[in-house]
Undergrad: 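Structure incoming, see below.
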2 protein chains.
Amino acid sequence: MNIGEAADATGVTAKMIRHYEQIGLIREAGRTGAGYRTYGPKDLSTLSFIRRSRDLGFSIAQIRDLLTLWQDRARASGDVKRIAGAHIDEMKQKMRLLQEMVHTLEHLSAHCHGDDRPDCPILEQLATGKAEDGCC
Amino acid sequence: MNIGEAADATGVTAKMIRHYEQIGLIREAGRTGAGYRTYGPKDLSTLSFIRRSRDLGFSIAQIRDLLTLWQDRARASGDVKRIAGAHIDEMKQKMRLLQEMVHTLEHLSAHCHGDDRPDCPILEQLATGKAEDGCC
DNA sequence: CGTGCACCTTCCCATCATGTCAAGGTCAAG
DNA sequence: CTTGACCTTGACATGATGGGAAGGTGCACG
């Protein structure tokens with residue numbers, strides 16, 4: 001199986017497959033006489049695993065750990081759960097930051113009349129760091 | 001005022017100030033005879049403006065537009081509001097994605113006993129793409 | 001058999017915002 | 001004059017991905 005077919009089958013671009021090989025996330029693919037990379041069912045499983053992990057937002061480092069655990073028959077599920085938990089916490093933290101920014105900005109935006117006049121509390125806040133007078 | 005003092009005063013690192021100058025986000029700073037950059041009150045205002053914008057998650061491109069509007073006395077507040085609105089939408093979209101991933105992962109995690117046994121629905125899902133049997 | 005097209009290879013560069021490090025010049029205080 | 005803190009430029013790194021160039025390969029069709 002060619003790299004292009006493997007890419008189509010797993011949803012990981014050929015570009016990224018080569019990249020993952022280069023950083024040692026996946027083992028080096030076999031080669032044809034002409035130097036083309038070849039992939040078997042096992043490789044496809046691994047790539048799909050990586051793809052699903054990326055879809056869940058795991059970093060390459062985390063995926064590296066998950067792959068190791070996956071291939072370790074004597075693994076403890078607690079280890080997997082710990083990685084997932086850490087990732088969940090990271091994502092929740094990001095959401096909190098986003099939420100805060102959205103909140104602030106929506107607040108400012110609500111007080112901006114948004115017409116042709118130049119007066120604008122959003123710019124006001126960015127410029128001075130102070131909220132509008134008499135607000136809230 | 002030196003770049004270090006400007007950095008301390010605005011919370012933008014000296015490194016980033018030079019960077020912003022290089023990409024044309026801020027005008028080139030004046031120089032002393034020895035080549036040191038010098039900053040005045042106006043520059044500090046701009047840097048603070050940038051800093052607050054970054055704190056609200058605006059991209060450099062958006063900040064570029066905001067700065068232009070800020071310096072345009074004939075601006076329409078609607079333009080500012082539009083940029084802010086677009087940014088809010090982007091952030092909300094990111095939050096939605098994160099929320100989805102957190103949800104999926106928490107679900108999987110809840111069904112992982114997380115002890116020394118190797119059986120793990122998280123890895124299962126990553127490997128097969130299929131949810132556990134009889135779940136939900 | 002030749003031609004064309006789709007695919008493969010490697011290598012380099014770009015993103016975005018920021019950090020780190022290195023080698024060297026400058027300033028001010030002791 | 002030395003010392004230490006600061007400044008300068010420049011190069012390189014991050015993380016995950018995309019883009020493109022230059023050249024080799026495989027296959028189907030005429």
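Quick note on labels: first sequence line is chain A, next is B, and so on, each numbered from 1.
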Undergrad: For A/Asp43 and A/Gly40, indicate whether the former's side chain and the latter's backbone hold a donor-acceptor pair under 3.5 Å.
TA: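 Yes: the side chain of A/Asp43 pairs with the backbone of A/Gly40.
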
Undergrad: Looking at every strand, decide which applies to A/Arg18 at a 4.0 Å heavy-atom threshold: base, sugar-phosphate, or nothing.
TA: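 Answer is base: heavy atoms of A/Arg18 come under 4.0 Å of a base.
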
Undergrad: Rounded to the nearest 0.5 Å, what separates atom CD in A/Gln125 from atom SG in A/Cys120?
TA: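 Spacing of CD (A/Gln125) from SG (A/Cys120) equals 11.0 Å.
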
Undergrad: Less than 3.5 Å apart, any donor N or O on the side chain of A/Arg96 or A/Gln93 sitting next to an acceptor on the other?
TA: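 The answer is yes; a qualifying pair exists.
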
Undergrad: Of the residues in residues 31-43 of chain B, which ones touch DNA chain D at a heavy-atom distance under 4.0 Å?
TA: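 Going residue by residue through residues 31-43 of chain B, the ones with a heavy atom under 4.0 Å of DNA chain D turn out to be B/Arg31, B/Gly35, B/Tyr36, B/Arg37.
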
Undergrad: Has the side chain of A/Ser77 got a donor or acceptor atom that lies under 3.5 Å from a matching backbone atom of B/Asp115?
TA: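 Looks like yes, one N/O pair under 3.5 Å.
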
Undergrad: Hey, are the side chains of B/Ile60 and B/Tyr20 touching, using non-hydrogen atoms and a 4.5 Å cut-off?
TA: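 Touching, per the 4.5 Å side-chain cut-off.
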
Undergrad: Once you build an axis from the first five pairs and another from the last five of the helix from C/dC1-D/dG30 to C/dG30-D/dC1, how far apart in angle are they, to 10 degrees?
TA: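 Answer rounded to 10°: the end axes differ by 30°.
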
Undergrad: For the CG atom of B/Leu69 and the CD1 atom of B/Ile83, what is their distance to the nearest 0.5 Å?
TA: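 Here the interatomic distance stands at 5.0 Å.
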
Undergrad: Check the surroundings of atom NE2 in A/His113: do more than 12 heavy atoms from other residues, nucleotides or ligands lie under 6.0 Å from it?
TA: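 Enclosed.
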
Undergrad: Shoot me the first and last contacting nucleotide of DNA chain D against chain B, ordered 5' to 3', at under 4.0 angstrom to non-hydrogen atoms.
TA: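 Reading along DNA chain D, I get D/dC6 to D/dA11.
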
Undergrad: Between C/dT20, C/dT18, C/dC8, which nucleotide has the shortest distance from any of its atoms to the side chain of B/Tyr20?
TA: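 Among C/dT20, C/dT18, C/dC8, the one nearest the side chain of B/Tyr20 is C/dT18.
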
